[in-house]
Amino acid sequence: MEQNNNEKWGSRWGFLLATAGSAIGLGNIWKFPYITGVNGGAAFVCVYILAILIVGMPLMIAELSLGRATGCHPAWAFDRFTGGKSTLAMTVFGILMILCGISLVFYKYPGYAVVLLVLGVALMLKGWKTIGVITGVIAPFVIICYYGVIGGWTILYVVKSFAGELSFANPEQASTVFLPILKAAPEVRFGLFASHFLFIFLAAVVVFFGIKNGIEKSSKVLMPMLFILLIALVLRGLTLPGASKGLKFFLSPDFGALRAESVLIAMGQAFFTLSIAMGITMTYGSYLSRDVNIVRSGLLIIGLDTMAAVLAGIAVFTSVFAMGLNPAQGPGLVYMVVPSAFNKVPGNLGWLWNGLFFIMLTIAALTSLISLLEPLVNYAVRQFKMSRHLAVVLISLIVYGFGLLSAVSCADWKTLPGLEKVIKKFFGSANVSFFELSDNIASNWMLPLGGLAIALFVGWYWGTARAMKEIRRGTKSGRLDANMLVLLSGFNRKEFPQKSLFSPAVFWALSIRWITPILVVFAFLYCIGVI
Ligand code: PHE
């Protein structure tokens with residue numbers, strides 16, 4: 001019943017472009033260039049590629065194969081091998097959480113105790129299903145609410161570029177346009193809420209038409225457009241006098257600027273950019289047919305994602321440096337520095353370059369938003385037995401509603417004093433906005449912990465043998481087999497019929513059982529500030 005039997009990708013390319021569309025987003029276009037710049041340029045790119053290959057790739061393969069083997073959304077995928085019951089490990093884990101929750105009951109702020117108790121009881125009763133619901137429903141929901149807001153800003157910028165309202169000469173002047181938007185100031189609210197609505201509406205229309213006729217068809221048009229625009233912007237940047245300074249900043253290796261921290265930053269970025277551990281890749285995998293080679297697809301998706309990130313970096317930094325501006329952190333880079341740089345480009349075509357840049361960014365964000373909406377819709381259809389159309393309408397409205405909360409609280413909660421009071425009472429502080437809170441919960445807690453759970457489930461519970469069988473479908477058999485290392489690392493020899501010493505299968509199995517979980521634990525402890 002929960003299997004997605006009648007929903008399948010129409011072609012391998014459709015699947016590849018849709019998954020790459022999910023991966024390529026704001027993370028590639030504003031975050032990757034910036035973190036590369038401050039972490040040693042090309043030196044960081046090397047570390048990032050290693051992180052993608054060692055952590056990102058094995059997890060992507062794990063998610064795709066678990067999705068395809070079960071044909072289910074994560075809420076049922078984990079469950080299929082446990083028969084809907086909790087397992088010993090999950091029960092113990094749940095009891096520990098309940099005990100922590102009870103010890104917090106008398107603490108001044110009851111919010112934390114409630115969260116732990118609910119989680120503990122869910123783990124005890126439902127086991128892995130709880131993990132499936134967290135990664136496949138709660139994580140995409142938390143992300144989509146604020147991602148939609150950023151998409152709204154981007155559409156608003158497209159309109160403003162063509163209306164000639166982005167004609168500022170420097171980032172200081174740009175801040176007079178951007179800060180009111182960031183803070184949802186009353187005078188910009190109408191435009192802001194309308195463009196936010198339009199953005200969610202566009203994604204909803206695509207998801208409304210389903211996998212083949214909606215997501216797949218739109219990806220086949222949008223993704224080539226995205227790359228054409230990116231290449232046009234790269235050519236514009238590269239042909240500016242002084243572009244080489246930007247290239248040097250972005251691409252020359254500076255091993256001195258590479259810190260221990262950079263490795264963890266690279267890993268966090270690998271998770272976010274590949275849309276891993278948020279139900280998307282697994283759900284997209286559940287629509288995949290058996291004859292598709294998962295490993296090759298994973299490599300292609302990662303290749304396209306990295307290519308988009310590098311092209312975006314070149315386009316951004318060549319223009320910014322050629323125009324003598326400084327790259328800044330976060331949203332400021334694309335919403336203030338980049339438009340100022342394009343305005344200075346000789347030829348007075350700033351409006352055009354800005355327009356193209358923000359159309360490109362809108363497309364990147366849109367295909368990602370579509371991929372966040374789909375797991376939620378899939379879940380609602382199966383859980384509440386409603387039609388896809390109704391699910392799309394309801395979920396889009398809910399997402400828009402929470403997005404508004406996100407947009408309005410972007411500066412701080414002071415704009416919503418009633419809610420501020422409740423939050424303070426339950427959690428002790430309301431210092432961060434809903435916007436920052438969602439990003440923090442999703443990026444720092446849900447993604448690393450979800451990734452860890454997927455690695456442990458696939459590596460140890462579902463098991464590398466069954467996973468390997470699934471991965472081998474669609475490959476010329478025998479290409480992915482194993483050896484001595486497997487024996488040494490405690491695997492069952494029968495799982496790996498062949499003997500080559502350094503086969504990709506061994507690497508994958510070692511990664512998913514040991515390397516990925518250990519690295520993810522480090523990344524997690526780093527994210528929450530323990531190391
Ligand atoms: N992968 C997207 C990016 O790089 C972000 C994203 C996260 C998309 C979560 C969908 C879901 O921006």
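A quick note: this is a predicted structure, and the numbers were derived from the prediction, not measured. Just follow the structure's listing: the first ligand is 1, and inside any ligand the first atom is 1. Along the sequence shown, residues are numbered consecutively beginning with 1. Heavy atoms only: backbone and side chains are in, while hydrogens, waters and symmetry mates are out.
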- Can you tell if the side chain of Leu119 reaches within under 4.5 Å of the side chain of Ile134, non-hydrogen atoms only? yes
- Leu264 to Ala523 - nearest heavy-atom pair and separation: CD2-CA, 3.6 Å
- Query: Any side-chain heavy atom of Val292 sitting closer than 4.5 Å to one from Trp9?
  - Reply: no
- Which protein heavy atom lies closest to atom 12 (O) of ligand 1, and at what distance to 0.1 Å? Gly27 N, 2.6 Å
- Message: Heavy-atom count check: over 12 atoms from other residues, nucleotides or ligands less than 6.0 Å from Lys212 NZ?
- Response: no
- Could you tell me whether Ile143 and ligand 1 have an N or O pair separated by under 3.5 Å? no
- May I ask you to check if ligand 1 and Ser368 share an N or O to N or O distance below 3.5 Å? no
- Task: Considering the heavy atoms of Ala23, write down every atom of ligand 1 situated less than 4.0 Å from one of them.
- Result: 1 (N), 2 (C), 3 (C), 4 (O)
- Message: Would Ile280 count as being in polar contact with ligand 1, using the rule that some N or O on each side must be under 3.5 angstrom apart?
- Response: no
- Task: Taking the side chain as every heavy atom from C-beta outward, state whether Phe227 and Leu311 have any atom pair closer than 4.5 Å.
- Result: yes
- Side chain, backbone, both or neither: Asp305 near ligand 1, heavy atoms under 4.0 Å: neither
- Using the six-membered ring wherever Trp is involved, compare the ring planes of Tyr157 and Tyr335 and label them parallel, tilted or perpendicular (cut-offs 30° and 60°). perpendicular
- Those atoms of ligand 1 less than 4.0 Å from some heavy atom in Ser22: 1 (N), 2 (C), 8 (C)
- Would you call the rings of Tyr287 and Tyr284 parallel, tilted or perpendicular if under 30° counts as parallel and over 60° as perpendicular? tilted
- Task: Could you tell me whether Leu372 approaches ligand 1 through its side chain, its backbone, both or neither, with non-hydrogen atoms closer than 4.0 Å?
- Result: side chain
- Phe209 ring centre to Lys217 NZ or CZ under 6.0 Å, with the angle to the axis within 45°? no
- Message: Test of understanding: given a 4.0 Å heavy-atom threshold, classify the contact between Met278 and ligand 1 as side chain, backbone, both, or neither.
- Response: side chain
- Is Leu274 close to ligand 1, meaning an N/O of one under 3.5 Å from an N/O of the other? no
- Query: What atoms in ligand 1 come closer than 4.0 Å to a heavy atom of Asn28?
  - Reply: 3 (C), 4 (O)
- Mark the output for Tyr147 as yes if a heavy-atom distance to ligand 1 is under 4.0 Å, and as no if none is. yes
